[in-house]
Amino acid sequence: MKKRYIISFVVAIIILSVLFLWNVGAGSVDISTSDLFAILAGSGKDETFSQIVWKIRLPRILAAILLGGALSVSGFLLQSFFQNPIAGPYVLGISSGAKLVVALTMIFLLEKGIMISSFGMVMAAFVGSMLVVCGIMIGYICSAITDFCVTFASDSNIVNLHNWSMGSFSGMTWENIKMIVVIVGAAVLVTFCLAKPIGAYQMGEAYARNIGVNVKVLRVTMILLSSLLSACVTAFAGPISFVGIAAVSYTHLTLP
């Protein structure tokens, strides 16, 4: 069993590394492998290529990796909480709730000519994610309210909202990456520290209580961590639900 997990993660890391290099080098402006390694090493001679890699492509691919990992951990926490292998932020409506509050916040602030910060986006998404942990129906209701509000908002003020709501990693900056690293890193670290209590909880509530796990505190902590991770993803990348389903499914297959 342990050997299978090691092989799975090694293969995943190799595929991720290949896709990372391909993503950074490919695009409307193709960059050769030799030039790419030179740029990453800080010895690139072409300033244009360096700007494309460091200011556009690297933030995007790093955001995709970090937020994809956040989705998988969020899905794992929800699967453990509900004892359901298909549980996830989108299925339970958490992503829709986060999308609703972010949309309303953006519309309100943009109407007043105020730009929302990265931290503000995350907090708005977190508030929305905490409003909805009730299922698919609530998620559809939140999506309907969001679409209704966007319909009557000023077109000139919702360009960014429209692009964000479609789900995208474009426009990522190093400031966004720093915020993502702090939030996702802290949440994942806490999750790893709770690995043993979560493992015991997966064996059943009675078993967890018998070995001294405070089940109520653990359940609340898992929901808060999952909501924070899914809120971070929604705030920066939009409601990328189908990617979330894939990440959750992969986590369920690889984690014990």
Side-chain angles (χ1 to χ4, degrees), residues 2-76 88-90 95 118 121-122 160 163-189 191-192 229-256:
K2 184 178 180 181
K3 182 178 180 181
R4 190 187 71 177
Y5 291 139
I6 293 175
I7 294 174
S8 297
F9 280 109
V10 169
V11 171
I13 291 172
I14 292 173
I15 294 174
L16 178 62
S17 301
V18 173
L19 291 176
F20 176 88
L21 294 174
W22 174 77
N23 185 277
V24 176
S28 56
V29 177
D30 290 328
I31 300 175
S32 65
T33 304
S34 58
D35 288 337
L36 178 58
F37 279 111
I39 291 171
L40 294 177
S43 57
K45 297 180 180 179
D46 193 309
E47 185 64 25
T48 301
F49 283 1
S50 296
Q51 294 291 323
I52 291 174
V53 170
W54 285 104
K55 291 190 176 181
I56 299 176
R57 294 182 181 176
L58 269 180
R60 289 182 182 180
I61 186 60
L62 289 176
I65 293 172
L66 292 169
L67 296 180
L71 274 177
S72 64
V73 176
S74 177
F76 168 71
Y90 181 77
S95 295
S118 299
M121 288 277 285
V122 174
N160 291 333
N163 293 335
W164 166 83
S165 65
M166 298 299 291
S168 174
F169 290 101
S170 63
M172 286 290 174
T173 64
W174 287 108
E175 179 185 352
N176 297 147
I177 297 299
K178 291 178 182 178
M179 181 69 67
I180 293 171
V181 168
V182 171
I183 296 174
V184 174
V188 171
L189 179 62
T191 301
F192 272 107
L229 288 168
S230 59
C232 184
V233 174
T234 304
F236 289 106
I240 47 178
S241 56
F242 292 104
V243 178
I245 292 174
V248 168
S249 299
Y250 176 77
T251 305
H252 176 69
L253 290 174
T254 56
L255 291 178

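Positions are given from 1, in the same order as the sequence printed here. The figures here come from the full heavy-atom set of this structure, side chains too, leaving out hydrogens, waters and symmetry mates.
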Gap separating the CG atom of L66 from the CD1 atom of I61, nearest 0.5 angstrom: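 One finds 10.0 Å between CG of L66 and CD1 of I61.
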What distance do E47 atom CD and I52 atom CD1 have between them, rounded to the nearest 0.5 Å?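 E47 CD to I52 CD1: 10.5 Å, rounded to 0.5 Å.
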Suppose we screen for side chain to side chain contact (heavy atoms under 4.5 Å, CB included). Which residues come up paired with D35, at least two apart in sequence or across chains?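 Only I31, S32, F49 meet the side chain to side chain contact (heavy atoms under 4.5 Å, CB included) criterion with D35.
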Are T173 and P59 side-chain neighbours, meaning at least one heavy-atom pair lies under 4.5 Å?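 Heavy-atom side-chain distance check fails, nothing below 4.5 Å.
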Can a donor-acceptor pair be found, under 3.5 Å and without considering hydrogens, that links the side chain of S72 to the backbone of G69?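 Checking the backbone N and O of G69 against the side chain of S72, a donor-acceptor pair under 3.5 Å is found.
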Using atom types as modelled and distance alone, determine if a side-chain donor or acceptor of S74 lies under 3.5 Å from a backbone N or O of A70.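 It does not hold such a pair.
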Rounded to the nearest 0.5 Å, what's the gap from CG on L58 to CG on L40? Could you check?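 That separation rounds to 6.0 Å.
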Starting at CG of L62, measure out to CZ of R57 and round the result to the nearest 0.5 Å.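 The CG atom of L62 sits 14.0 Å away from the CZ atom of R57.
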Mind checking the CD1-CD1 spacing from I180 to I65? Nearest 0.5 Å is all I need.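 Atom-to-atom, I180:CD1 and I65:CD1 are 11.5 Å apart.
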Rounded to the nearest 0.5 Å, how far apart are OG1 of T234 and CG of L67?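 It comes to 9.5 Å.
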Residues that A64 engages under side chain to side chain contact (heavy atoms under 4.5 Å, CB included), provided they are two or more places apart: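 By the side chain to side chain contact (heavy atoms under 4.5 Å, CB included) rule, A64 matches F169.
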All side chain to side chain donor-acceptor pair (under 3.5 Å) counterparts of K55, not counting sequence neighbours: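 With sequence neighbours excluded, K55 shows a side chain to side chain donor-acceptor pair (under 3.5 Å) to Q51, given in chain and number order.
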Nearest non-hydrogen partners of F236 and M179, listed with the distance: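 In this case the closest contact between F236 and M179 is CZ-CG, 3.7 Å.
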Show the atom names and distances, to 0.1 Å, of all donor-acceptor pairs under 3.5 Å that link a side chain in residues 15-25 to residues at least two apart or in another chain.
unit_1: S17; atom_1: OG; unit_2: I13; atom_2: O; d: 2.8

With sequence neighbours excluded, tell me which residues meet side chain to side chain contact (heavy atoms under 4.5 Å, CB included) with V188.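 Partners of V188 under the side chain to side chain contact (heavy atoms under 4.5 Å, CB included) test: V73, V184, F192.
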Quick one: closest heavy-atom pair of W174 and W54, and the distance?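 Heavy atoms only, the tightest pair is NE1-O, 2.7 Å.
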Suppose we screen for side chain to side chain contact (heavy atoms under 4.5 Å, CB included). Which residues come up paired with T33, at least two apart in sequence or across chains?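 Result, side chain to side chain contact (heavy atoms under 4.5 Å, CB included) vs T33: F37.
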